[in-house]
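First the structure, in the form of structure tokens, and then the observations on it.
Quick note: residue numbers are just sequence positions, from 1.
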Amino acid sequence: MPKNVQLKYLLGGLAADSSVVMPEDMQQFLQQTWHKISDQLGTEFNFDFWRLNIPRRSTYPANRAVLAAAKQHAGKAMISAIQHAYYLQAINPSDDHQLITLSQNLGLDSQQFSRDLTSEELNRQLLEQIHFARSLPIQGFPSLVLEVSGAYHPVGLDYKNAQVSLEHIQQLLN
């Protein structure tokens with residue numbers, strides 16, 4: 001990353017709170033996507049997730065968990081913990097009790113984390129980030145966007161070669 005570029009994580013929301021079971025066709029699509037990613041990049045997935053859990057299309061809880069952990073200076077650690085739990089340990093990141101367990105595993109004050117996770121203030125912060133993310137020139141998640149002089153530019157991604165993104169950033173800066 002160029003030294004004059006500051007990296008900022010932004011939550012995009014993706015799927016609002018829901019207790020509805022994910023439709024079977026969406027479950028199949030996501031499993032196929034996991035297989036495709038695994039085949040193309042060698043990324044490891046635990047497909048037991050689909051057998052052991054009741055999948056829901058609900059990512060806001062995990063987003064709020066990142067914000068709650070960030071209040072304890074562990075936002076990036078929570079992102080990693082959620083990804084590891086979901087993709088490798090077959091743990092459902094849509095369940096608040098699982099997110100609280102992850103906070104404990106990270107050594108956070110889990111009582112404070114739990115209060116923050118369900119607070120109106122934290123939910124408001126999430127909705128603000130989602131609103132801002134939706135105003136950016138992106139088509140999906142994950143995405144990279146570079147702000148240059150108040151203008152936002154999508155940055156090309158190549159999951160096999162980070163140099164592609166770095167070169168695009170350099171072009172946008174010049």
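Taking a cutoff of 4.0 Å between a charged side-chain nitrogen and a carboxylate oxygen, D109 and R115 do not qualify as a salt bridge. Checked for salt-bridge contact, D48 and R51 meet the test: a charged N lies under 4.0 Å from a carboxylate O. Ion pairing between a basic and an acidic side chain is recognised when a charged N comes within 4.0 Å of a carboxylate O; R64 and D116 show no such pairing.
For an aromatic pair to be called close, the ring centres must be under 6.0 Å apart, and W34 with Y86 satisfies this. Centroid-to-centroid, the aromatic rings of Y87 and F47 stay 6.0 Å apart or farther.
At a threshold of 4.5 Å between non-hydrogen side-chain atoms, the residues T59 and S94 do not count as touching. When side chains are defined from C-beta on, L11 counts as touching V66, because their heavy atoms get closer than 4.5 Å. You'll find the side chain of D96 reaches within 4.5 Å of the side chain of T118, heavy atoms only. Side-chain contact between Y60 and L127 is present, with heavy atoms from C-beta onward closer than 4.5 Å. Taking the side chain as every heavy atom from C-beta outward, T43 and F45 approach each other to under 4.5 Å. Taking 4.5 Å as the limit, some side-chain heavy atom of S110 sits within range of a side-chain heavy atom of Q104. In this structure, Y152 and L146 have side chains that are not in contact, with every pair of non-hydrogen atoms separated by 4.5 Å or more. L173 places a side-chain heavy atom less than 4.5 Å from the side chain of V5.
Within a 6.0 Å radius of CD in Q163, more than 12 heavy atoms belonging to other residues, nucleotides or ligands are found. Counting non-hydrogen atoms of neighbouring residues, nucleotides and ligands closer than 6.0 angstrom, the CZ atom of F29 reaches no more than 12 such neighbours.
Note that the CD atom of Q129 and the CZ atom of R124 stand 11.0 Å from one another [nearest 0.5 Å]. Going from atom CE of M22 over to atom CZ of R56 covers 9.5 Å, rounded to the nearest 0.5 Å. Expressed to the nearest 0.5 Å, how far CG of L41 lies from NZ of K160 amounts to 6.5 Å. Going from atom NE2 of H153 over to atom CD of Q171 covers 12.0 Å, rounded to the nearest 0.5 Å. Rounding to the nearest 0.5 angstrom, the gap separating the NE2 atom in H35 from the CD1 atom in I37 is 11.0 Å. How far CG of L14 is from CG of N63: 8.0 Å, rounded to the nearest 0.5 Å.
Judged purely by distance below 3.5 Å, without hydrogens or angles, the side chains of Q125 and E121 pair a donor atom with an acceptor atom. There is a side-chain donor-acceptor pair under 3.5 Å between E24 and Q28.
Both Y9 and L126 are part of a single hydrophobic cluster, where members link through side-chain heavy atoms under 4.5 Å apart. Hydrophobic clustering (side-chain heavy atoms under 4.5 Å, transitive across Ile, Leu, Val, Met, Phe, Trp, Tyr) keeps F141 apart from M78. Linking Ile, Leu, Val, Met, Phe, Trp and Tyr whenever their side-chain heavy atoms come within less than 4.5 Å puts L106 and L122 in one cluster. Follow the hydrophobic side-chain contacts under 4.5 Å out from V145 and you reach L10 in the same cluster. A chain of hydrophobic side-chain contacts below 4.5 Å, direct or via other Ile, Leu, Val, Met, Phe, Trp or Tyr residues, connects L172 to L157.
Listed here is the closest heavy atom pair of S165 and D158: OG-N, 4.1 Å. Nearest heavy-atom pair across L52 and A90 is CD1-CB, 4.3 Å. Residues I54 and N92 share a closest heavy-atom pair of O-ND2, 3.3 Å. When all heavy atoms of A65 and F113 are compared, the closest pair comes out as O-CE1, 3.4 Å. Taking all atoms of both residues into account, the shortest heavy-atom contact from S114 to I100 is OG-CD1, 3.5 Å. Nearest heavy atoms, S58 versus S18: OG-N, 3.2 Å.
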Can I82 and I91 be said to form a side chain to side chain contact (heavy atoms under 4.5 Å, CB included), step by step?
-> CA-CA 9 Å; I82 289 169; I91 293 171; over 6 Å; no
Step by step, would you call Q170 with N174 a side chain to side chain contact (heavy atoms under 4.5 Å, CB included)?
-> CA-CA 6 Å; Q170 198 58 55; N174 292 336; 3.5 Å; yes
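Checked by atom type and distance alone, the side chain of H168 pairs as donor or acceptor with a backbone atom of G156 at under 3.5 Å.
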